[in-house]
Number of protein chains: 2
Amino acid sequence: MTKTTDSDEAGDAKRYHHGNLVEALITATVEIIEERGAEHVSVREAAKRAGVSPGAPFRHFRSKTALLTAVAEQAMDRLTKAVAKARSKIDSADPIEAFEAIGQGYLEWAISNPTHFQIISSRTLIDFEGSDSLRDHNEAIRRTMIDLLTQAQQQGRLAPGTDFDHLVLAARALVYGLARMAIDGHFREWHPSEPPALAAQRALRLFMSRMTIPSKA
Amino acid sequence: MTKTTDSDEAGDAKRYHHGNLVEALITATVEIIEERGAEHVSVREAAKRAGVSPGAPFRHFRSKTALLTAVAEQAMDRLTKAVAKARSKIDSADPIEAFEAIGQGYLEWAISNPTHFQIISSRTLIDFEGSDSLRDHNEAIRRTMIDLLTQAQQQGRLAPGTDFDHLVLAARALVYGLARMAIDGHFREWHPSEPPALAAQRALRLFMSRMTIPSKA
DNA sequence: TGCGTATGTAATCAATGTTTACATCGCAAC
DNA sequence: GTTGCGATGTAAACATTGATTACATACGCA
């Protein structure tokens, strides 16, 4: 009865009960994805890294897919927060500035967290449709971007003759394409002097400046 | 010595030598990808479908990765041809029209061949760097698009104040993003009346119309 | 015809996902 | 404190997979 500390991670003593296996497995899985790619994750390896037997993970995750989905949920959570933070930073009520800020926040997060972004968008490895959390967060981001563009339209800020639906499509495709290019290594041939996140931001800004009309203020 | 026919596939007789195993394995692998996704391909399953023992594929492919890379090479070959065909169809010397045609050809192929496009761009499953064929074809397409935009620039057809490098980046990201959205199922919420390929084409056209100046002719 | 080599088979191995029977701990009720 | 039950872990097993090795077969050329 020497120690009854129940809380967190700093224990060396190997107890029968891990205490925080779910978290430890997710962390270990992220590590493996970083080292070998999401396709080469193994549940046994994650268990080993968490210091636990091969069967233990299945007490918490029905399958390997469920484990990877949990990783995706954590990732999506962080992405949502990054986007929200990016938006809160600009105080302007200008919907176009807000859209740019959100796009930039999205891109910055995706580019500096390629592992997490990769698992979010690899929909054959995770059960996207089966996770309310994933679907909801994804829809929230998408709706925010559409709402801002709708505001811009209502304020007459879209370049004349612009079809709204195809503008939205192009904007989403641009942001998504830039993010995926980054994680797929397409930025390798880019100028070393300009970091990918900055280049992406400028491309997005170029796009928006051609699609919209500057505010009069 | 009844049959000495050496050529192709129409034989029911189970010969010891398959005759065209490489091709058969690639075809079988494509089938599996269509059914279960690229991450769930198994060499044994491909061997079974080709009517051959589990070890046989390794006579022709050093590893599973090598088999998947061969599939990617076949896919890239077809994509290159589709792009070339799209370009040859328009006789105009206008670089911007040519760019649009190529982009459209690229998108149409990617959207109607999601399986093949997926394997091309999943660079953790295939050995992209190790395949001269893949690198060369990829570089060729990229260079063609850049060259056309360069011509447009030299003819003074870019909207004033447009930074060339970021225009190229945005254009590539847009095309790539549209293609990936299609294969990742992001078009599901799109109007059912307008097929994804058409929507993508219009988004691309919108983008180009804002970035360039129409020809005087 | 005969033989070398490309191509296939069979057997085998280690690693993996998953299940099942059993062990151990944590914690609330007495 | 003791008891007992549910949550959490272990150990062992099974089928499937990627890959290797020793052996078998047949194609094609001298």
Side-chain angles (χ1 to χ4, degrees), chain A residues 1-9 11 13-26 28-29 31-33 35-71 124-127, chain B residues 1-9 11 13-26 28-29 31-33 35-71 124-127:
Chain A
M1 312 337 182
T2 50
K3 29 168 81 177
T4 2
T5 342
D6 59 338
S7 52
D8 42 347
E9 82 271 343
K14 206 177 178 183
R15 295 162 308 195
Y16 191 93
H17 284 67
H18 183 285
N20 209 351
L21 227 202
V22 172
E23 201 76 21
L25 284 172
I26 291 178
T29 304
E31 272 182 35
I32 299 175
I33 298 176
E35 294 170 16
R36 309 209 270 255
E39 298 86 352
H40 301 109
V41 165
S42 102
V43 177
R44 296 176 102 99
E45 176 70 19
K48 191 184 297 177
R49 295 195 186 200
V52 95
S53 77
F58 292 91
R59 288 282 168 207
H60 303 276
F61 303 101
R62 253 175 313 177
S63 64
K64 178 183 180 176
T65 300
L67 171 58
L68 288 170
T69 303
V71 173
T124 50
L125 283 175
I126 67 178
D127 182 15
Chain B
M1 311 336 184
T2 50
K3 29 168 80 177
T4 359
T5 342
D6 61 336
S7 52
D8 42 350
E9 82 271 345
K14 206 176 176 182
R15 296 163 305 194
Y16 192 93
H17 283 67
H18 183 285
N20 208 352
L21 227 203
V22 172
E23 201 75 21
L25 285 171
I26 292 178
T29 303
E31 271 182 35
I32 300 175
I33 298 177
E35 293 170 16
R36 308 208 273 255
E39 297 87 351
H40 302 109
V41 165
S42 102
V43 177
R44 296 176 101 100
E45 176 69 21
K48 191 184 297 179
R49 295 194 187 201
V52 95
S53 77
F58 293 91
R59 288 282 169 210
H60 302 276
F61 303 101
R62 251 174 313 176
S63 65
K64 178 183 180 177
T65 299
L67 171 58
L68 289 171
T69 304
V71 174
T124 49
L125 283 174
I126 67 177
D127 183 14

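Lettering of chains follows the sequences in order, A, B, ..., and the numbering in each one begins at 1.
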message: What's the separation between atom CG in A:Leu68 and atom CD1 in A:Ile26, rounded to the nearest 0.5 Å?
response: 10.5 Å
task: Over all heavy atoms of both residues, which pair between B:Ile33 and B:Ala38 is shortest? Give the atoms and the distance, please.
output: CG2-N, 3.7 Å
- prompt: What is the minimum heavy-atom distance between A:Thr29 and A:Ala46, and which atoms define it?
  reply: OG1-CB, 3.9 Å
Integer-rounded Å distance: D:dG18 C1' and B:Leu125 CG: 14 Å
- line: Output field dot_bracket for DNA chain C (Watson-Crick or G-U, both distances under 3.5 Å, | for other-strand pairs) contains ||||||||||||||||||||||||||||||
- line: Taken to the nearest whole Å, CG/A:Leu67 to C1'/C:dT16 is 14 Å
message: Minimum heavy-atom separation for A:Pro54 and A:Ala47, please, with both atom names.
response: CA-CB, 4.2 Å
query: Rounded to the nearest Å, what distance is computed from the CD atom of residue A:Glu39 to the P atom of nucleotide C:dG17?
result: 14 Å
field: Whole angstrom value for the distance that separates C1' of D:dT10 from CG of A:Leu21
entry: 12 Å
- request: Quickly, which of B:Val22, B:Val43, B:Leu21 forms a side chain to side chain contact (heavy atoms under 4.5 Å, CB included) with B:Pro57? Name it, please.
  value: B:Val43
message: Rounded to whole Å, please give me the gap between NE2 in B:His40 and P in D:dT16.
response: 16 Å
message: Rounded at 0.5 Å granularity, tell me how far OG1 in A:Thr65 sits from CD1 in A:Ile126.
response: 9.5 Å
Mind listing the N/O atom pairs, protein and nucleotides 18-20 of chain C, below 3.5 Å?
unit_1 : atom_1 : unit_2  : atom_2 : d
C:dT18 : OP2    : A:Lys64 : N      : 2.7
C:dT18 : O4     : A:Arg44 : NH1    : 3.4

Whole-Å distance separating the CD atom of B:Glu45 from the C1' atom of D:dA15: 14 Å
- prompt: In Å and rounded to the nearest 0.5 Å, what is the CG to NE2 distance from B:Leu25 to B:His60?
  reply: 7.0 Å
query: Hey, does B:Val22 reach any base, or is it just sugar-phosphate, or nothing, if we go heavy atoms under 4.0 Å?
result: nothing
statement: Walking DNA chain C from its 5' end, the first of B:His60 and A:Ser42 to be reached, judged by nearest nucleotide, is B:His60
- request: Any pair with a residue in residues 38-55 of chain A that passes side chain to side chain donor-acceptor pair (under 3.5 Å), sequence neighbours left out, goes on the list, sorted by first then second residue, please.
  value: A:Glu31-A:Arg49, A:Glu35-A:Arg49, A:Glu39-B:Thr124, A:Glu45-A:Arg49
Side chain to side chain, B:Thr69 and B:Phe61, heavy atoms closer than 4.5 Å: no
Length of the CG-P vector between B:Asn20 and D:dC27, whole Å: 15 Å
